[in-house]
Amino acid sequence: MRKLHTFHGGIHPDEHKLMSSTPPSARAPLPPRLILPLQQHIGVRAKTVVQAGDKVLKGQLLASSVGMLSAAIHAPTSGTVVSIEFQAVAHPSGLPELCILLKPDGEDRWIEHSGFDYRALPREELLTRLRDAGIVGLGGATFPTHVKLNNAQGIQTLILNGAECEPWITTDDRLMRERAAEIVQGIEVLRYLAQPAETLIGIEDNKPEAIAAMQQACNGSGIEVVVIPTLYPSGGEKQLIKILTGKEVPSGGRPLNIGVACSNVATACAIHRLVNHGEPMISRLITVTGNVKSPQNFEALIGTPIDELVQLAGGALPDSNGFIVGGPMMGLEVTNAQLPVVKGSNCIIVKSGKLFPAPPPALPCIRCTRCVQVCPAELQPQDLYWFAKAKNLGKAQSFHLFDCIECGACSYVCPSNIPLVQYYRFAKSQIWANERDKEAADLARERHEFQLMRIERDKQDKAEKLAQKEKAALAAKAAAAAKTQGEPDAGTGADAAAIDALRAQVREIARPVSEQPPEKSA
Ligand code: SF4
Ligand code: SF4
């Protein structure tokens with residue numbers, strides 16, 4: 001039996017999983033419209049390859065990946081591209097995102113597609129196919145899978161994350177119960193790409209049916225299902241690696257640095273759909289729960305508005321007051337029911353004052369260190385809070401702000417009800433904004449210096465040409481003088497004046513830019 005390790009801290013919030021994990025998942029019908037953000041992944045926004053008015057087929061490429069860190073977007077069904085415009089999306093920044101609006105035609109007609117023998121493909125070609133199919137991590141981070149696997153060849157451990165530790169969310173639980181064999185087929189593709197010495201699936205012990213299903217599907221495959229204790233946030237990448245291997249991902253490092261690659265079970269299932277059916281990532285399983293009549297999991301097309309799915313779960317009850325996209329610990333609170341679900345959306349929770357009472361007003365920090373005791377990243381949350389509040393961003397960074405996984409465990413236990421994670425998110429966004437500003441300023445300075453250098457070079461070129469012209473004029477003058485030797489030269493004074501003027505022109509042009517008078521603005 002595998003020896004399990006522990007990570008620092010962790011909490012046991014109420015699970016609230018049973019109501020949505022009990023009924024089988026259902027396929028959501030076609031919604032009347034789909035909103036497809038071009039930025040659904042970590043990295044560069046995808047580039048549209050369609051225009052408003054285009055008719056598209058299900059699975060057709062709508063936006064291609066740009067550069068290395070990007071992921072393609074495909075049509076979740078057949079229909080017409082209505083427009084490409086900025087729309088509200090569920091994002092912590094609150095900023096709108098460029099989206100493709102698609103009106104389904106109701107026919108759900110596929111583009112020509114088929115599975116393929118991945119073992120017959122060179123590794124690079126298979127990675128390219130993952131990229132072109134828009135496969136990203138479905139555990140929440142939406143990191144493009146082809147990038148993660150690019151340097152993963154020959155690793156020690158491949159870990160499949162089936163922990164699903166956050167309260168209310170049950171998509172991975174239902175997926176493992178219902179599609180265990182498909183998940184294993186996807187894992188085989190990951191194994192082919194990473195060639196790991198061992199492959200482990202970590203599942204929390206509060207999912208006995210999922211554990212049984214995966215154990216059966218993995219039988220004889222060499223993949224080990226490891227049951228881990230239920231403790232939030234054991235599904236965090238670094239925490240799961242620690243539990244299963246005892247290894248620690250270094251601060252600022254990646255799992256690959258210690259010979260480990262992690263992927264979500266839902267991502268493995270999406271890879272199976274691509275390899276065995278030729279289907280790009282156009283749908284996902286999503287939990288709809290909270291203050292609804294019938295919580296359940298739905299296979300929903302990417303781009304489906306929240307409201308459509310809430311209706312399928314029996315609709316929001318009368319005392320509802322908003323939604324959480326994601327889980328209650330790490331998710332995002334929104335009020336707009338028309339926001340679309342994206343590749344990273346694993347859960348929609350309908351809120352009510354009863355289920356999620358408004359927190360009491362925050363009180364001063366009493367330095368009780370409860371937040372320190374539960375922090376899985378072994379940080380000093382109370383110090384990070386002070387630095388973030390005082391906008392002392394340098395100090396926050398030196399206290400490893402970016403090792404914070406925003407799990408919310410510190411806020412959960414804080415007796416002063418301080419919304420600690422909000423302060424950390426704010427500090428991180430400020431640091432990113434400052435870095436962007438600095439990069440923009442550096443670029444502007446470099447451009448200005450290059451422009452000055454170019455003007456200077458042009459001046460010198462012109463001066464050289466005029467000097468040559470002057471030399472030629474003097475030579476011509478000397479030749480003419482030699483020809484008319486002994487004769488009075490009526491034009492000598494005028495020629496000398498012309499040459500003097502030419503020399504003055506050369507001096508003026510050759511003068512450095514810094515010594516020239518400023519240009520008058522128009
Ligand atoms: S738990 Fe809250 S009150 Fe206690 S030290 Fe942390 S921030 Fe301060
Ligand atoms: S949110 Fe960050 S600081 Fe707070 S417990 Fe989680 S990792 Fe630690």
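Counting from 1, the numbers follow the sequence of the chain as shown. When a ligand or atom number is given, it counts from 1 through the structure's own listing order.
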Per-atom contacts of ligand 1 with [X], taking only distances under 4.0 Å to non-hydrogen atoms:
{"X": "T369", "result": "4 (Fe), 5 (S)"}
{"X": "R367", "result": "5 (S), 8 (Fe)"}
{"X": "S416", "result": "3 (S)"}

Does one side chain, of [X] or [Y], offer a donor that lies under 3.5 Å from an acceptor on the other?
{"X": "N297", "Y": "T170", "result": "yes"}
{"X": "S25", "Y": "E299", "result": "no"}
{"X": "S352", "Y": "N321", "result": "no"}
{"X": "E164", "Y": "T171", "result": "yes"}

Has V374 got any heavy atom lying under 4.0 angstrom from an atom of ligand 2? no
Return yes if some donor-acceptor pair links the side-chain N/O of [X] with the main-chain N/O of [Y] below 3.5 Å, else return no.
{"X": "T245", "Y": "K247", "answer": "yes"}
{"X": "K17", "Y": "I169", "answer": "yes"}
{"X": "S416", "Y": "I418", "answer": "no"}

Greater than 12 external heavy atoms within 6.0 Å of R191's CZ: yes
Whether P415 lies under 4.0 Å from ligand 1, heavy atom: yes
Distance under 4.0 Å to a non-hydrogen atom of [X]: what atoms of ligand 2 satisfy this?
{"X": "I405", "result": "7 (S)"}
{"X": "Y424", "result": "3 (S), 4 (Fe)"}
{"X": "G408", "result": "1 (S), 6 (Fe)"}

For [atom], grab the closest protein heavy atom and report residue, atom and distance to one decimal in Å.
{"atom": "atom 6 (Fe) of ligand 1", "value": "C371 SG, 2.4 Å"}
{"atom": "atom 3 (S) of ligand 1", "value": "I366 N, 3.4 Å"}
{"atom": "atom 2 (Fe) of ligand 1", "value": "C414 SG, 2.4 Å"}
{"atom": "atom 4 (Fe) of ligand 1", "value": "C368 SG, 2.2 Å"}

Mind checking whether V372 contacts ligand 1 via backbone (N, CA, C, O), side chain (CB onward), both or neither, at a 4.0 Å heavy-atom cut-off? neither
N/O/S of C375 less than 2.8 Å from atom 8 (Fe) of ligand 2? yes
Between atom 8 (Fe) of ligand 1 and C365, is there an N, O or S atom separated by less than 2.8 Å? yes
Show the numbers, then the answer: is there a side chain to side chain donor-acceptor pair (under 3.5 Å) between Q239 and S234? CA-CA 5 Å; Q239 287 66 42; S234 62; over 6 Å; no
Salt-bridge present (K148, E237; N to O < 4.0 Å): yes
